[in-house]
Amino acid sequence: MSGKQQQQQKGASYGMVRLLSVVGTAASLYALYVESMAKAGAGFTAACDINSWISCSKVFTSPSGHIFWGYPNALFGLMFYLACILYTILTFIPARKYMFFAATTFSFFFSIYLAYILHGMGDLCIVCVSMYVVNTLMFYCGVREFKSIGASAKGNKSN
């Protein structure tokens, strides 16, 4: 693969990571908003609260919505997505592809765990599922970035 093709592939990959990060950030911010409004008082109905079993506010305010130290899962999601945006900008950090791969792998498997919990609750959270999809696609990007480490190392050995 030529240098120009590698640059185009890297640009497309970074573009996908940025797009997914923006979508994930928006979903996380919306989740935090819904949770705060649902806890604040009666009369609030989120756009994602469709009926008794399709209700994101029920999920966000449940104990399962606060797995780490009582903080909302969406807060950690927000930090993850902002870090992914920084990944595409701070290209001088050594071993950043390894860190990106590790973070996307964790988010992927944690999403599977949360989906299992959501299924056990008998609820459907549209915002949650959208974040699971984003995390799955982000994991795909992480795998591609990780594979590119080996490809670039092989290319450097043959030169």
Listed once per pair and sorted, the salt bridge (charged side-chain N to carboxylate O under 4.0 Å, His left out) pairs that draw on residues 109-121, sequence neighbours left out:
none
Within the structure provided, determine whether F109 and T105 are in side-chain contact (heavy-atom separation under 4.5 Å).
yes
Closest heavy-atom pair and its distance - S64, I117:
OG-CG2, 3.3 Å
Which of these passes ring pair (Phe, Tyr, Trp, His ring centres under 6.0 Å) with F100: Y14, F80, Y87?
Y87
Cut-off 3.5 Å, side chains only: do Y140 and N135 have a donor facing an acceptor?
no
Are T25 and L78 close enough that some pair of their side-chain heavy atoms sits under 4.5 Å apart?
yes
Does any non-hydrogen side-chain atom of S21 lie less than 4.5 Å from one of V17?
yes
Mind checking whether K39 and T61 have side chains closer than 4.5 Å, heavy atoms only?
yes
Does the side chain of S13 pick up a donor-acceptor pair with the side chain of E145 at under 3.5 Å?
yes
Considering all heavy atoms of both residues, which atom of P94 and which atom of M99 are nearest to each other, and what is their separation?
O-CE, 3.7 Å
With F60 as partner, the option from P72, C125, S55 fulfilling side chain to side chain contact (heavy atoms under 4.5 Å, CB included) is C125
Distance-only polar pair, side chains of K97 and S148, donor-acceptor under 3.5 Å
yes
Atom of G77, atom of S28 and distance for their closest heavy-atom approach
C-OG, 3.7 Å
When you compare the side chain of F139 with that of S107, does any pair of heavy atoms fall below 4.5 Å?
no
Answer whether the closest heavy-atom distance between the side chains of V59 and C128 falls below 4.5 Å.
yes
With under 30° as parallel and over 60° as perpendicular, where do the rings of F110 and F106 fit, or are they tilted in between?
parallel
For atom CZ of F44, is the number of surrounding heavy atoms from other residues, nucleotides or ligands below 6.0 Å larger than 12?
yes
